[in-house]
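Below is one structure, written out as structure tokens; comments come after it.
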Amino acid sequence: MIQPSQHLSAAQFAPLLHTFRRQSPLVHCMTNDVVQNFTANVLLALNASPAMVIDADEAAQFSGFADALLINVGTLTRERQRAMQAAVSAAREAGTPWTLDPVAVGALTLRSDFCQQLLSQQPAVIRGNASEILALAQQASGGRGVDTLHPAVAALDAARQLAKEWNTRVIVTGEVDYATDGQRTFAIRGGSPMLTRVVGTGCALSAVVAGFSALPGDGLLNIAAACQVMATAGEKAAGQATGPGSFATAFLDALWTLEGDHETH
């Protein structure tokens with residue numbers, strides 16, 4: 001029986017954030033060219049260690065000792081596809097959790113076919129917007145590029161289906177984020193519309209999710225905490241910013257100073 005959505009309490013969230021900072025996971029980010037710098041800065045602000053290793057041979061070697069791997073297909077090429085597959089294979093052999101971010105899947109053939117192939121490679125987490133999750137579950141054709149055409153709740157059943165079918169955890173992001181393993185679901189509130197006006201916030205979230213997936217304990221709770229980290233920082237930054245430029249700076253500062261003292265709505 002599927003349980004109703006739960007919310008994170010500060011008592012659940014704060015210790016996980018402290019553990020993440022203390023463990024400082026090494027996150028191998030095979031992400032798109034547009035967001036590499038911002039993704040690295042987000043991870044650094046949380047005291048994680050980012051690395052962007054993209055050569056196929058080096059990526060396979062690096063995934064063997066990284067704490068987590070992110071596969072983001074935003075600027076996918078055939079050469080990068082081969083490198084990503086090599087990294088995923090090495091991660092699986094080493095027992096390294098890896099996260100799939102199926103950017104703009106559904107509308108374009110190369111990334112859509114590749115992401116469908118990757119589902120059988122046991123991702124620890126899948127993170128996407130509603131249109132991406134619906135397309136990955138083959139329930140819709142996808143969004144308008146990286147923009148979703150659906151609210152997050154519209155993809156919740158598809159997320160649960162993917163989680164159960166592939167024995168993974170799925171995050172659908174939107175005004176409310178949902179994290180599910182097919183049975184349990186967390187709803188994460190907060191954030192700000194300004195997050196959609198700075199390039200790379202969703203991709204950076206996937207990197208943070210990948211890092212949190214390496215923590216011990218309840219895997220679903222861990223990745224829900226990752227979403228709460230970003231939502232809470234976004235909410236705090238929006239209260240200080242006057243536009244997208246100042247928001248990006250305030251967001252990194254909010255991540256740096258965040259202590260997990262959020263209020264549940």
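Atom set for the values below is all heavy atoms of this structure, side chains included, hydrogens, waters and symmetry mates excluded.
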Practice task
Say whether, by atom type as modelled, one donor and one acceptor occur between the side chain of D177 and the main chain of G174 under 3.5 angstrom.
Solution key: yes

Practice task
Give the minimum heavy-atom separation between W166 and L119, together with the two atoms involved.
Solution key: CE3-O, 3.4 Å

Exercise for the section: Could you check if a side-chain atom of R21 sits within less than 4.5 angstrom of a side-chain atom of L46, using non-hydrogen atoms only? Expected result: yes

Handout entry: Atom pair OG1 (T99) and CE (M30), whose distance is rounded to the nearest 0.5 Å
Key = 14.0 Å

Handout entry: Path from V176 to F13 over hydrophobic side-chain contacts below 4.5 Å
Key = no

Fill in the blank from the handout: Closest non-hydrogen atoms of A94 and S63, given as atom of the first, atom of the second and distance, are CB-O, 4.3 Å

Exercise for the section: Determine whether F62 and L69 make a side-chain contact, defined as any pair of heavy atoms from C-beta on separated by less than 4.5 Å. Expected result: no

Practice task
Might you work through the side chain to side chain donor-acceptor pair (under 3.5 Å) test for Q85 and S89, ending with a clear yes or no?
Solution key: CA-CA 6 Å; Q85 182 58 70; S89 297; 3.2 Å; yes

Practice task
Flag the pair D101 and R127 as a salt bridge only when some basic side-chain nitrogen lies within less than 4.0 angstrom of an acidic carboxylate oxygen.
Solution key: yes

Exercise for the section: Supply the atom-to-atom distance R184 CZ to Q6 CD, rounded to the nearest 0.5 angstrom. Expected result: 6.5 Å

Exercise for the section: Check whether any side-chain N or O of N222 sits under 3.5 Å from a backbone N or O of P216 as a donor-acceptor pair, and report yes or no. Expected result: yes

Exercise for the section: Find the distance between CG (L44) and OG1 (T39) and round it off to the nearest 0.5 Å. Expected result: 11.0 Å

Problem - Atom CD of E165: over 12 foreign heavy atoms under 6.0 Å - result: yes

Practice task
Could you tell me whether the side chains of Q121 and R92 share a donor-acceptor contact shorter than 3.5 Å?
Solution key: yes

Practice task
Starting from the C-alpha separation in whole Å, work towards a yes-or-no answer on side-chain contact (heavy atoms from CB on, under 4.5 Å) for C203 and V34.
Solution key: CA-CA 10 Å; C203 296; V34 181; over 6 Å; no

Practice task
Using a 4.5 Å cut-off on heavy atoms from C-beta on, say whether the side chain of E132 contacts that of I126.
Solution key: no

Practice task
Begin from the C-alpha positions of V229 and L258 and carry the test side-chain contact (heavy atoms from CB on, under 4.5 Å) through to its verdict.
Solution key: CA-CA 8 Å; V229 164; L258 191 62; 4.0 Å; yes

Exercise for the section: Please check if F38 and V53 belong to a single hydrophobic cluster, counting links between Ile, Leu, Val, Met, Phe, Trp and Tyr side chain heavy atoms closer than 4.5 Å. Expected result: no

Practice task
Compare every heavy atom of V172 with every heavy atom of A152, then report the nearest pair and how far apart it is.
Solution key: O-CG1, 3.7 Å

Exercise for the section: Please say whether more than 12 non-hydrogen atoms of neighbouring residues, nucleotides or ligands are located less than 6.0 Å from CD in Q240. Expected result: yes

Handout entry: Exam field: side chain S192 to backbone G234, donor-acceptor pair closer than 3.5 Å
Key = no

Practice task
Can you see which heavy atom on F247 is nearest to which on A237, and at what distance?
Solution key: CE1-CB, 3.6 Å

Completion exercise
Interatomic distance, OG1@T31 vs CG@N37, rounded to 0.5 Å, equals 12.0 Å

Exercise for the section: Tell me, yes or no, whether the heavy-atom count around D218 atom CG, taken from other residues, nucleotides or ligands under 6.0 Å, exceeds 12. Expected result: yes

Problem - Validation row: N47, Q23 side chains within 4.5 angstrom (heavy atoms) - result: no

Exercise for the section: Report the C-alpha distance between D113 and L110 in whole Å, list the side-chain angles of each, state the deciding distance to 0.1 Å, and finish with yes or no for side-chain contact (heavy atoms from CB on, under 4.5 Å). Expected result: CA-CA 5 Å; D113 290 347; L110 179 65; over 6 Å; no

Handout entry: Residue pair M230 / V208: nearest heavy atoms and the distance that separates them
Key = SD-CG2, 4.1 Å

Practice task
Flag yes if more than 12 heavy atoms outside Q116 fall under 6.0 Å of its CD atom; otherwise flag no.
Solution key: yes

Problem - V103 backbone acceptor or donor facing R111 side chain under 3.5 Å - result: yes

Problem - Min side-chain heavy-atom separation L100-C115 under 4.5 Å - result: yes

Handout entry: H28 and T96, any side-chain heavy atoms less than 4.5 Å apart
Key = no

Problem - Cluster link I188 to L205, ILVMFWY, side chain under 4.5 Å - result: yes

Handout entry: Beyond-backbone contact of P102 with F114, side-chain heavy atoms, under 4.5 angstrom
Key = no

Practice task
Would you check if the side chain of T249 reaches a backbone N or O of S246 as a donor-acceptor pair within less than 3.5 Å?
Solution key: no

Exercise for the section: Calculate, to the nearest 0.5 Å, the distance between atoms CE and OG1 belonging to M84 and T77 respectively. Expected result: 8.0 Å

Practice task
Identify the two heavy atoms, one from G211 and one from P25, that lie closest to each other, and give their separation to 0.1 Å.
Solution key: O-CG, 4.0 Å

Exercise for the section: For the pair T168 (side chain) and A124 (backbone), establish whether a donor and an acceptor sit closer than 3.5 Å, ignoring hydrogens and angles. Expected result: yes

Handout entry: Point-to-point distance, once rounded to the nearest 0.5 Å, from CZ of R82 to CG of D55
Key = 11.5 Å

Practice task
Please lay out, stage by stage, how R80 and D33 fare under the test side-chain contact (heavy atoms from CB on, under 4.5 Å).
Solution key: CA-CA 11 Å; R80 188 165 291 187; D33 296 334; 3.0 Å; yes

Exercise for the section: Could you tell me whether a side-chain N or O of T196 sits under 3.5 Å from a main-chain N or O of P193, the two making a donor and an acceptor? Expected result: yes

Handout entry: Side-chain H-bond candidate by donor/acceptor type, Q161 with Q139, under 3.5 Å
Key = yes

Exercise for the section: Check for a donor-acceptor pair, side chain of T180 on one end and backbone N or O of V170 on the other, with a separation under 3.5 Å. Expected result: no

Practice task
Using the rule that two of Ile, Leu, Val, Met, Phe, Trp, Tyr join whenever any of their side-chain heavy atoms come within less than 4.5 Å, decide whether V27 and V42 are in one cluster.
Solution key: yes

Handout entry: Any side-chain heavy-atom pair of Q122 and N167 under 4.5 Å
Key = no

Exercise for the section: Would you confirm whether S213, through its side chain, and A210, through its main-chain N or O, come within 3.5 Å as a donor-acceptor pair? Expected result: yes

Problem - Co-membership, hydrophobic cluster, residues I171 and L16, 4.5 Å side-chain - result: yes

